[in-house]
Colleague: 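Sharing a structure below in structure tokens format, with a few things to ask.
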Number of protein chains: 2
Amino acid sequence: MITVSQTYSRQGDRQCAGCSLHSTCLTRGLSKADLEAFDDIMVQPQPLKRGQELVRQGQSFHSLYLVRAGSLKKVMRLPGRHDEQVIRFYLPSETVGLEAIGEAYYPASVVALETTFICELPFEQLVSFAEQYNALRTELMRCMSRELRGDQRQVCLLSGRSTAEQRLASFLLGLSRRLHARGYSRYRFQLTMSRADIGSHLGLALETVSRVMGRFQRQGLVNVSGRELTIRSLESLEALGEEGSGLIGSPDDRRMIACR
Amino acid sequence: MITVSQTYSRQGDRQCAGCSLHSTCLTRGLSKADLEAFDDIMVQPQPLKRGQELVRQGQSFHSLYLVRAGSLKKVMRLPGRHDEQVIRFYLPSETVGLEAIGEAYYPASVVALETTFICELPFEQLVSFAEQYNALRTELMRCMSRELRGDQRQVCLLSGRSTAEQRLASFLLGLSRRLHARGYSRYRFQLTMSRADIGSHLGLALETVSRVMGRFQRQGLVNVSGRELTIRSLESLEALGEEGSGLIGSPDDRRMIACR
DNA sequence: CGCGCGCTTGAATACATTCAAGACAAGTGG
DNA sequence: CCACTTGTCTTGAATGTATTCAAGCGCGCG
């Protein structure tokens, strides 16, 4: 049996050094010269097709992955339950597998939502490489810390008994922000995941997602046709998320703190 | 104005070297000799009283903290909402502040639930110290990774539309497990947090927590009187959490994977 | 062309929430 | 020492939001 999954590696001349995502990716602390050395430990496997698993829950940990293009979902099955939950979605330049470092295996599966290009970083090699590169260690720590913040934000959203509207608004805004930070349009993008995926991620039934999406459409907040989304009013969506009792600057609103 | 918050530092002869939590704490990779050097960067502020803040949301980041004794809750207020959500609880030997490393400030507040003793690690000093100690860097990474896993588990629990029973059972089991790993009883412990805190953490109203707790009591699963908890049947609690359709080893239950 | 999947929409149901009242314990001040 | 306050928890009844079940639609793919 022949493994073809790594035949794409080292085909072109420049790898990381020419990558447009460099400034937002794990490598952003590295200089052009450092990047060439970094290329030596990086592997570019064949692209994943929609539905293919990048890693599988329970599989033993060996590599981190960087998303070069495309998108994926992280899904997890709790011990006794037979249904999977979507934990998060991955966009280009994000790092897959950080939660697996501490133990020997990946605690969740990661599945491509569309044709997706990946950079693989064998962890052992990454660690020895990082011993000489301060900046890389720092950046790795920052990545993990940022992911912690994101997950905790999600816990906050889910445990606060927010309405379906608030959850979906918050989700769409989050996607918009992340895409925009990566150079895509803030207003117009593809939802590469199904309604069921969105629902699972937000703790809602897929029917509810569908209904609320329709409501948003009728209210003129967005335009949706299938998985094509256009945001018509960022402000209104934001107002939805931030609303609650709707008090802005109320007497006991002592200290408003940004928390992204 | 005199700061008294650090007067406890360096009072005794041995610090980390004599600490019973060494084997579960961030320092566990360090030898006895290394620990003495480590003591130089560690500070032991005065103990916190119930309700006191260890860090406040929005405050600029400077230190990590290790819980030496006691317990705390991490609470977060999303931008526009006026109510706080409990993100997680901290027990002895756990590390506070990891999610703040990536940015300049703490994204959530951490508040003592009872009289609590803390070790403070000024981050700058920790980082330079770690440059010479491979094991410490590794352990820090593991800590963050483990916290990621924990948070993602929580996301999974919350976004899965599990019942109040399942959530509370899972919560109690989690506490039991963590306490046991730290040398406390697996069956009998104090709930140092209020019903409201538990509810906030699980995405339930405090009344629901109270009701379900009562139900568990009547079913003989636990004994509760106020904040004193005794688990009568670990197995039944586990069965509750793992239930769903109740199928164990069902045909399409292809691969049962541990995921703690 | 027909099948299947993903999405939408409707009606009935269920679960947890909300509102409200009361119990209980601990702490405070007269 | 007692009356009173305060905070936390418990319990009941009514309400509501999202779910579940079910049917139908549209589109892409084989």
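The structure displayed is predicted, hence computed values, not measured ones. Protein chains get the first letters and strands the later ones, always in sequence-line order, with residue 1 at the start of each.
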Colleague: Rounded to whole angstroms, how far apart are CD on A:Q166 and P on D:dT17?
Modeller: 12 Å
Colleague: Who pairs with B:L179 by side chain to side chain contact (heavy atoms under 4.5 Å, CB included), at least two apart in sequence or on another chain?
Modeller: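 With sequence neighbours excluded, B:L179 shows a side chain to side chain contact (heavy atoms under 4.5 Å, CB included) to B:L91, B:Y184, B:F189, given in chain and number order.
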Colleague: At under 4.0 Å between heavy atoms, how does the protein contact nucleotides 25-30 of chain D? Give one character per nucleotide, 5' to 3', with B, S or -.
Modeller: ------
Colleague: Looking at residues 207-230 of chain A, who's got a heavy atom less than 4.0 Å off DNA chain C?
Modeller: A:E207, A:S210, A:R211, A:R227
Colleague: Would you give the length of the straight line joining atom OG1 of A:T95 to atom CD of A:E147, rounded to the nearest 0.5 angstrom?
Modeller: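 Rounded to the nearest 0.5 Å, the OG1-CD separation comes to 8.0 Å.
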Colleague: Looking at residues at least two apart in the chain, or sitting in another chain, which of them share a side chain to side chain contact (heavy atoms under 4.5 Å, CB included) with A:S20?
Modeller: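 If we apply the side chain to side chain contact (heavy atoms under 4.5 Å, CB included) test to A:S20, skipping adjacent residues, there are no hits.
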Colleague: Identify every side-chain donor-acceptor pair in residues 194-206 of chain A under 3.5 Å, counting partners at least two apart or on other chains, and give the distances.
Modeller:
residue	atom	partner	partner atom	Å
A:S194	OG	A:A196	N	3.3
A:S194	OG	A:D197	N	3.1
A:S194	OG	A:D197	OD2	3.4
A:R195	NH1	A:G226	O	3.4
A:R195	NH2	A:G226	O	2.8
A:D197	OD1	A:K73	NZ	3.0
A:D197	OD2	A:S194	N	3.4
A:S200	OG	A:Q85	OE1	3.3
A:S200	OG	A:V86	N	2.7
A:H201	NE2	A:I87	O	3.3

Colleague: Distance check needed: D:dG16 C1' versus A:E165 CD, whole Å only.
Modeller: 13 Å
Colleague: Distance from A:Y90 atom OH to A:T116 atom OG1, nearest 0.5 Å?
Modeller: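 Rounded to the nearest 0.5 Å, the OH-OG1 separation comes to 13.0 Å.
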Colleague: Just the rounded figure in Å: distance from P of C:dC15 to CZ of B:R167.
Modeller: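 From B:R167 CZ to C:dC15 P: 14 Å.
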Colleague: Under the side chain to side chain donor-acceptor pair (under 3.5 Å) rule, what pairs show up with a residue in residues 205-227 of chain A, not counting sequence neighbours?
Modeller: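 Counting only pairs at least two positions apart or across chains, the side chain to side chain donor-acceptor pair (under 3.5 Å) contacts touching residues 205-227 of chain A are A:E165-A:R215.
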Colleague: Base, sugar-phosphate alone, or nothing: which one does B:L204 contact when heavy atoms must sit under 4.0 Å apart?
Modeller: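 Here B:L204 touches the backbone only, sparing every base.
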Colleague: In this structure, which one of B:L78, B:V75, B:V111 forms a side-chain contact (heavy atoms from CB on, under 4.5 Å) with B:E84?
Modeller: B:V75
Colleague: Expressed as a whole number of angstroms, how long is the span from B:L191:CG to D:dT8:P?
Modeller: 15 Å
Colleague: Enter the inter-axis angle for the ends of the helix from C:dC1-D:dG30 to C:dG30-D:dC1 (five pairs per end, rounded to 10°).
Modeller: 30°
Colleague: Taking salt bridge (charged side-chain N to carboxylate O under 4.0 Å, His left out) as the test, write out the residues that go with B:E53, two or more places apart.
Modeller: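 Partners of B:E53 under the salt bridge (charged side-chain N to carboxylate O under 4.0 Å, His left out) test: B:R56.
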Colleague: Name all residues meeting the ring-ring contact (aromatic ring centres under 6.0 Å, His included) criterion together with B:F61; count only those two or more places apart in sequence or in a different chain, and write none if there are none.
Modeller: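 ring-ring contact (aromatic ring centres under 6.0 Å, His included) check on B:F61 returns B:Y106, B:F123.
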Colleague: Quick one: closest heavy-atom pair of B:S236 and B:L221, and the distance?
Modeller: CB-CD2, 3.2 Å
Colleague: Where the side chain of B:R161 is defined as all heavy atoms beyond and including C-beta, which of D:dT20, C:dG6, C:dC7 is the nearest nucleotide?
Modeller: D:dT20
Colleague: Using only heavy-atom distances, determine whether the side chains of B:Q44 and B:E120 contain a donor-acceptor pair under 3.5 Å.
Modeller: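 No, no side-chain donor-acceptor contact under 3.5 Å.
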Colleague: Sequence neighbours excluded, which residues qualify as side chain to side chain contact (heavy atoms under 4.5 Å, CB included) partners of A:R186?
Modeller: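 Side chain to side chain contact (heavy atoms under 4.5 Å, CB included) list for A:R186, sorted by chain: A:S176, A:H180, A:L234.
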Colleague: Tell me every residue that passes salt bridge (charged side-chain N to carboxylate O under 4.0 Å, His left out) with B:E94, counting only those two or more places apart in sequence or in another chain.
Modeller: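 Result, salt bridge (charged side-chain N to carboxylate O under 4.0 Å, His left out) vs B:E94: B:R88, B:R178, B:R182.
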Colleague: Atom pairs, N/O to N/O, protein against nucleotides 25-28 of chain C, distance under 3.5 Å?
Modeller:
none

Colleague: Classify the nucleic acid contact of A:G203 as base, sugar-phosphate or nothing, counting any heavy atom under 4.0 Å across all strands shown.
Modeller: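 If one applies the 4.0 Å heavy-atom cut-off, A:G203 turns out to touch the sugar-phosphate alone, with no base involved.
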Colleague: Nearest to the side chain of B:A164, which nucleotide is it out of D:dC9, C:dA16, D:dT19?
Modeller: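 Per side-chain heavy atoms of B:A164, the pick is C:dA16.
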Colleague: CG of A:L206 versus P of D:dA18: gap in Å, rounded?
Modeller: 15 Å
Colleague: Roughly how many Å is it from CG in B:L202 to P in C:dC15, rounded to a whole number?
Modeller: 18 Å
Colleague: Choose from C:dG6, C:dT17, D:dT20 the nucleotide whose nearest atom is closest to any side-chain atom of B:A205.
Modeller: C:dT17
Colleague: To the nearest 0.5 Å, what is the distance between OG1 (B:T115) and CZ (B:R50)?
Modeller: 10.0 Å
